[in-house]
Asks: 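Starting off with a structure, shown below.
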Amino acid sequence: MLKRLTMAGVLALGLGTGAALAEPAKVMIPANPGGGWDGAGRHTMAAFAQSKVFTDGASFTNKGGAAGTIGLAEFVRTAKGDDNALLVTGVIMVGGVITNQTPVSLKDTTPLLRLTNEYNAIAVPANSPIKTPADFIAALKADPGALSVGGGSAGGADHVMLALLAKHAGAPVGKINFVAFSGGEILAALGGGKIKAAISGASEFRAFAESGRIRIIATSGPTRVEGLNAPTLKEAGIPVEVGNWRGFVGAPGMSDAAKKTWLDRFAKLHATKEWKETLKTQGWEDAYLPGDAFNAFLKSEETNWTSALKEVGILK
């Protein structure tokens, strides 16, 4: 009897401290297949498997719309207390929560870490008369409504970047023609000429640019993106720099033991050659910021993006 009680106690202790983590991760991607969030979730989990840091696999659920806030709400509703549940998040979701004034926010999750950063790019169809950043600014200034520019959800980094470019051009921000897409549909729209330009993460445009279907005319970082023959906006005299970070949060009520386990896993992944190769291949910057530092960063992001959205007139 004593042995049975002891084993039962050990089992109960194990279940209470993350034993259930020896199962596939359940990854919520708050966007349709294709695009930056989808890539962040799937490539990260692939790197876990390739590096053998986490080999229990992963299942993926795509739930796009409203700057990721539909997926966020679904995650908070269905994943409560699940130590295996992860949500891909990022700056677009921060902006979406503020812009849409959603009842659910990242405060309702268990923040884990910021993982990557990626600067935006401006792309146009291959046959577009817009060939340089100066051409883009001129078109924006001449008739902002006629220049249809695709991007992610309203209130996200792409939308804010277009608004900042309009301010630089002296064009009324309220007249910009921003067309929101969820996931990879933006590439088909741009390649097919349904929109005149697009703003998104540079890595999302790379393959289409290399195939000649679209042309990247500028990037939004402090330096050029390796492998892309495109100037930065700053090189062209346009003082606009917009980055798009991505990371992961855990489920509401994730146990402390599970949070530690996931943070340990991400720390190990971050040190592997497989992750460094993933960063290089995807054109991502290393923006690793785990635990309490990430939680503090999220609070500052909420303040900063509220100010930015008000400044460009997206948030009244």
Side-chain angles (χ1 to χ4, degrees), residues 31-40 43 92 116-153 156-169 171 176-244 280-285:
N32 294 339
W37 268 333
D38 197 53
H43 288 302
I92 293 172
T116 64
N117 184 59
E118 180 178 19
Y119 287 100
N120 273 346
I122 303 173
V124 295
N127 61 355
S128 172
I130 299 174
K131 300 184 183 303
T132 67
D135 292 341
F136 183 87
I137 292 296
L140 197 55
K141 184 175 183 178
D143 190 346
L147 184 66
S148 53
V149 181
S153 300
D158 309 337
H159 193 182
V160 169
M161 179 169 156
L162 179 60
L164 291 171
L165 290 168
K167 286 190 73 174
H168 175 77
I176 59 176
N177 185 359
F178 181 78
V179 185
F181 290 86
S182 180
E185 301 97 331
I186 190 173
L187 293 169
L190 182 63
K194 294 181 180 179
I195 50 178
K196 293 184 178 179
I199 297 173
S200 193
S203 67
E204 295 177 50
F205 292 144
R206 186 186 293 266
F208 265 50
E210 289 173 349
S211 70
R213 296 185 63 182
I214 64 174
R215 188 170 63 251
I216 298 174
I217 62 169
T219 57
S220 68
T223 58
R224 290 194 178 204
V225 175
E226 184 179 351
L228 294 184
N229 184 24
T232 66
L233 290 169
K234 287 189 174 182
E235 279 181 68
I238 303 167
V240 172
E241 183 177 315
V242 175
N244 187 355
K280 183 178 179 181
T281 301
Q282 297 304 314
W284 296 336
E285 285 192 338

Asks: Is there side-chain contact between Ile176 and His159, with at least one heavy-atom pair below 4.5 Å?
Replies: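 When only atoms from C-beta onward are counted, His159 and Ile176 do touch, with a gap below 4.5 Å.
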Asks: Would you give the length of the straight line joining atom OG1 of Thr223 to atom CD of Glu285, rounded to the nearest 0.5 angstrom?
Replies: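 Here the rounded value is 7.0 Å.
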Asks: Is the shortest side-chain heavy-atom distance between Val225 and Ile216 below 4.5 Å?
Replies: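 Result no, sub-4.5 Å side-chain heavy-atom pair not found.
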Asks: Assess, by modelled atom type and distance only, whether the side chains of Asp158 and Asn120 contain a donor and an acceptor separated by less than 3.5 Å.
Replies: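 Indeed, the side chains of Asp158 and Asn120 share at least one donor-acceptor pair under 3.5 Å.
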Asks: Please give me the minimum heavy-atom distance between Gly150 and Phe181, naming the atom from each residue.
Replies: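 Taking every non-hydrogen atom into account, CA-CE1, 3.9 Å.
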Asks: Taking the side chain as every heavy atom from C-beta outward, state whether Ile92 and Trp37 have any pair of such atoms under 4.5 Å apart.
Replies: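 The answer is yes; the side chains approach within 4.5 Å.
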Asks: For Ala123 versus Leu190, what's the shortest heavy-atom pair and its separation?
Replies: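 Scanning both residues completely, I find the closest heavy atoms to be CB-CD2, 3.7 Å.
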Asks: Look only at the side chain of Asn244 and the backbone of Tyr119, and say whether a donor-acceptor pair between them is shorter than 3.5 Å.
Replies: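 Not at all, since once roles are kept as given, no pair shorter than 3.5 Å links the two residues.
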Asks: Mark yes or no for whether Arg215, through its side chain, and Ala126, through its backbone, hold a donor-acceptor pair below 3.5 Å.
Replies: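 Confirmed, Arg215 side chain pairs with Ala126 backbone.
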Asks: Going from CG on Leu233 to CG on Leu165, what distance comes out if it is rounded to the nearest 0.5 angstrom?
Replies: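 The distance works out to 6.0 Å.
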Asks: If you look at every heavy atom in Phe136 and Ala197, which pair is closest and at what distance?
Replies: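 The answer is CE1-CB, 3.8 Å.
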Asks: Looking at CD of Glu241 and OG1 of Thr232, how far apart are the two atoms once the value is rounded to the nearest 0.5 Å?
Replies: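 Going from CD on Glu241 over to OG1 on Thr232, the span is 9.0 Å.
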Asks: For the pair Arg224 and Asn229, evaluate side-chain contact (heavy atoms from CB on, under 4.5 Å) and give the outcome as yes or no after the intermediate values.
Replies: CA-CA 8 Å; Arg224 290 194 178 204; Asn229 184 24; 4.1 Å; yes
Asks: How many angstroms lie between atom CG of Asn177 and atom CD1 of Ile195, to the nearest 0.5 angstrom?
Replies: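 Output value for this atom pair is 10.0 Å.
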Asks: How about NZ on Lys280, more than 12 heavy atoms from neighbouring residues, nucleotides or ligands closer than 6.0 Å, or not?
Replies: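 Not buried by this count: 12 neighbours or fewer within 6.0 Å.
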Asks: Taking the side chain as every heavy atom from C-beta outward, state whether Glu118 and Gln282 have any pair of such atoms under 4.5 Å apart.
Replies: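 Heavy-atom side-chain distance check fails, nothing below 4.5 Å.
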Asks: So do Thr116 and His43 actually touch side chain to side chain, heavy atoms under 4.5 Å?
Replies: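 A side-chain contact under 4.5 Å is absent here.
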Asks: How close do Phe208 and Leu187 get, counting heavy atoms only, and between which atoms?
Replies: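 Phe208 and Leu187 have their closest heavy atoms at CE2-O, 3.5 Å.
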Asks: To the nearest 0.5 Å, how far apart are OG1 in Thr132 and CD1 in Ile217?
Replies: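 Thr132 atom OG1 to Ile217 atom CD1 measures 6.5 Å (nearest 0.5 Å).
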Asks: Taking all heavy atoms of Lys194 and all of Ser148, pick out the closest pair and write down the distance.
Replies: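 Here Lys194 and Ser148 meet closest at O-OG, 4.4 Å.
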Asks: Mind checking whether Ser128 and Lys196 have side chains closer than 4.5 Å, heavy atoms only?
Replies: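 A side-chain contact is absent here, since even the closest heavy-atom pair is not under 4.5 Å.
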Asks: State, with a plain yes or no, whether a side-chain heavy atom of Phe178 is found less than 4.5 Å away from one of Ile199.
Replies: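 Result no, sub-4.5 Å side-chain heavy-atom pair not found.
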Asks: List the atom of Gly237, the atom of Pro239, and the distance in Å for their closest heavy-atom pair.
Replies: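 Minimum heavy-atom separation between Gly237 and Pro239: O-CD, 3.6 Å.
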Asks: Between the main-chain N or O of Val242 and the side-chain N or O of Ser220, is there a donor-acceptor pair closer than 3.5 Å?
Replies: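 Checked: pair present.
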Asks: What distance do Ile238 atom CD1 and Ile137 atom CD1 have between them, rounded to the nearest 0.5 Å?
Replies: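 Answer rounded to 0.5 Å: 4.0 Å.
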